[in-house]
Amino acid sequence: MTNEELWQAVLAQIQLNISQANFATWFRGTEISNIKEGTVFVSVPNSFSKEWMENKYNKPIFKTIHELNKEIKEIKYNVEKKLSPSQDIIAKAPSIAADADQMDFQEFKINKDTNLNPRYTFDSFVTGSFNELPHAAAIAVSKNPGSVYNPLFIYGGVGLGKTHLLQSIGNEVIKNFKKKTVRYVSSEKFTSEVVASIKNHEVEAFKEKYRKIDVLIIDDIQFLAGREKTQEEFFNIFNVLYENNKQIIISSDRPPKAINSLAERLRSRFEGGMIADISYPDFETRVAILKTKSQEKGVEFSDEIYQHIASVVQKNIRELEGALNKLIANQTLNNQKPDLETTKIIIKDLLSSPSRVMTPKKIIEAVAEFYDLKEKEILNVSRKKEIVHPRQIAMYLLREELKSSFPFIGRKFSGKDHTTAIHSYKKIVQELIKDKKLEEEIELIKERVLTI
């Protein structure tokens, strides 16, 4: 396996576990420059990418590389600004394939001015009952940016197509309004720009750049939670754009009210526009998505294969595509289409991860992470409203998902009496009857539990 093939295999795995926005932000322009004495040297385009690779992505990168090459013991990241043109591409990540060209890695060319991927269009976005409202809102915004649904806030779980929909809006605006300035950016990239502007004493230039934008698209806004300076700058930019009828489009993995550590003034701005959620696709839509993706890639499999994948992967469109990519890679390597039995073997490791089970620890960790709290805050005896509610949800999930006894649940939370656990469970049950948003929050938390 060449260095390029090894890195494409890494990208294939990483892409399945992070948002498209973060993937494009941190992995564009990266490559393995050398492998020497058990050390892999990865070239990155700038110091920000180097820092994020080392601190946030090194562990999954090393795990994937080590599984493919047991002799690898360490990874080092070097800033290399002179990358070849071919490295200014984000791989579509079709899993391990011998011939990268056959897998169409060119699909992920990014427009440097807008940060948009031209591959994302409304035509390639599969709609169903699970995403009709956000899709309709996105179409309306693309036809009249700044005039309807401003801001447009789209939320939903990981891998359900939020990034595709956001970028489709941007690409449609560019096509229909040649003079409008469009910019797509992840919240983490936005934060990096804020930090850089402060460090280089260029805050005013940073603000001016964003004030000139006609359509601003921010992906994964939940990552601004707790970052006060970044929130302040975004709030100021938001106000200027809004007052001048510029379109603002935002995505998140949860509704605004569920983003703890988000400034109240920002939350109220978000809630003042259109809020639309993307839920899970039904079986028929999942099959349609697989067929559409296959057509895009120029391949075709039997209906029974599409139906098998759709019956097993139920909540994540990105995983649907990951399974399909594995089949394509297998077909490329073996020069023949896999049958149903082969398909089951190929995608088994993708679909049957042993870590995907719920445990009390994972539930508590997921609830704490979702509400931007520390685990010990939920477990302790604090009666603060912002802690009591998440604690009740954790107790509810322990009972509902794991069928834990109330005495057991009480002991988990600083030895509370079992009556407290009963009260918490019943309270959430009653709230779920009248609060659909709470139901959506809990579904998002349950999804998060399975990724821990």
Side-chain angles (χ1 to χ4, degrees), residues 129-130 153 155-160 222 225-226 252-262 264 267 270-271 275-282 313-316 352-452:
S129 58
F130 74 108
F153 190 105
Y155 74 92
V158 175
L160 294 180
Q222 72 273 6
S252 173
D253 66 352
R254 67 198 80 168
K257 72 171 187 176
I259 307 177
N260 279 21
S261 301
L262 182 69
E264 188 58 39
R267 182 179 288 108
F270 297 162
E271 292 178 341
I275 300 177
D277 72 298
I278 299 180
S279 56
Y280 300 125
D282 57 28
V313 183
Q314 300 179 1
K315 295 184 176 181
N316 193 311
S352 304
S353 173
S355 64
R356 296 195 169 202
V357 295
M358 287 195 182
T359 65
K361 186 179 187 309
K362 287 183 179 180
I363 286 175
I364 293 168
E365 181 181 343
V367 172
E369 182 182 308
F370 188 85
Y371 291 105
D372 298 311
L373 299 171
K374 296 178 180 178
E375 288 181 49
K376 63 181 182 181
E377 290 180 302
I378 290 181
L379 295 172
N380 289 341
V381 295
S382 172
R383 295 186 178 181
K384 293 181 180 178
K385 182 180 179 181
E386 61 269 25
I387 295 176
V388 170
H389 183 64
R391 182 188 297 135
Q392 290 172 337
I393 288 176
M395 289 184 171
Y396 165 83
L397 287 172
L398 286 177
R399 178 66 176 180
E400 189 71 14
E401 299 300 319
L402 302 182
K403 309 305 178 188
S404 301
S405 69
F406 290 120
F408 171 84
I409 296 171
R411 288 195 299 271
K412 274 286 179 184
F413 294 83
S414 301
K416 293 183 180 296
D417 189 85
H418 72 282
T419 57
T420 301
I422 293 174
H423 169 75
S424 297
Y425 175 76
K426 289 183 176 179
K427 189 173 190 302
I428 299 301
V429 169
Q430 291 170 356
E431 288 183 10
L432 283 171
I433 295 173
K434 57 185 177 181
D435 189 348
K436 186 177 183 299
K437 297 297 183 185
L438 177 59
E439 181 181 347
E440 293 169 353
E441 283 184 34
I442 289 178
E443 284 301 318
L444 290 171
I445 292 170
K446 285 160 62 176
E447 179 183 336
R448 186 169 298 222
V449 172
L450 297 177
T451 64
I452 294 176

Can you name the closest pair of heavy atoms from [X] and [Y] and give their distance?
{"X": "Ser424", "Y": "Gln392", "result": "OG-CG, 3.5 Å"}
{"X": "Ile409", "Y": "Ala421", "result": "CG2-CB, 3.8 Å"}
{"X": "Ser414", "Y": "Asn380", "result": "OG-CA, 3.4 Å"}
{"X": "Glu377", "Y": "Ile387", "result": "O-CG2, 3.3 Å"}
{"X": "Lys257", "Y": "Asp435", "result": "NZ-OD2, 3.6 Å"}
{"X": "Pro390", "Y": "Val367", "result": "O-CG1, 3.4 Å"}

State, with a plain yes or no, whether a side-chain heavy atom of [X] is found less than 4.5 Å away from one of [Y].
{"X": "Glu369", "Y": "Ile445", "answer": "no"}
{"X": "Lys416", "Y": "His423", "answer": "no"}
{"X": "Leu262", "Y": "Phe270", "answer": "yes"}
{"X": "Tyr155", "Y": "Ile275", "answer": "yes"}

Given 3.5 Å as the limit, does a donor-acceptor pair link the side chain of Arg254 with the main chain of Ile259, or not?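 No.
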Side-chain donor/acceptor of Arg391 to backbone N/O of Ser382, under 3.5 Å: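 Checking the backbone N and O of Ser382 against the side chain of Arg391, a donor-acceptor pair under 3.5 Å is found.
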Roughly how far, to the nearest 0.5 Å, is [atom2] of [Y] from [atom1] of [X]?
{"X": "Asp277", "Y": "Leu160", "atom1": "CG", "atom2": "CG", "result": "10.0 Å"}
{"X": "Ile364", "Y": "Phe413", "atom1": "CD1", "atom2": "CZ", "result": "4.5 Å"}
{"X": "Leu397", "Y": "Leu402", "atom1": "CG", "atom2": "CG", "result": "8.5 Å"}
{"X": "Glu439", "Y": "Ile433", "atom1": "CD", "atom2": "CD1", "result": "11.0 Å"}
{"X": "Ile393", "Y": "Ile363", "atom1": "CD1", "atom2": "CD1", "result": "12.0 Å"}
{"X": "Arg399", "Y": "Lys426", "atom1": "CZ", "atom2": "NZ", "result": "10.5 Å"}

Report the C-alpha separation of Glu441 and Phe370 in whole Å, then their side-chain angles, then the decisive distance to 0.1 Å, and conclude whether the side-chain contact (heavy atoms from CB on, under 4.5 Å) test is met. CA-CA 9 Å; Glu441 283 184 34; Phe370 188 85; 4.1 Å; yes
NZ/NE/NH1/NH2 to OD/OE distance under 4.0 Å, Glu443 and Lys446: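 Yes.
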Counting only heavy atoms not in Lys374 (residues, nucleotides, ligands), do more than 12 fall under 6.0 Å from its NZ?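 Not more than 12 within 6.0 Å, no.
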Pair Ile442, Glu400 - check side-chain contact (heavy atoms from CB on, under 4.5 Å), show working. CA-CA 11 Å; Ile442 289 178; Glu400 189 71 14; over 6 Å; no
What orientation do Tyr425 and Tyr396 show, parallel under 30°, tilted 30 to 60°, or perpendicular over 60°?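 Parallel, since the angle between the ring planes stays under 30°.
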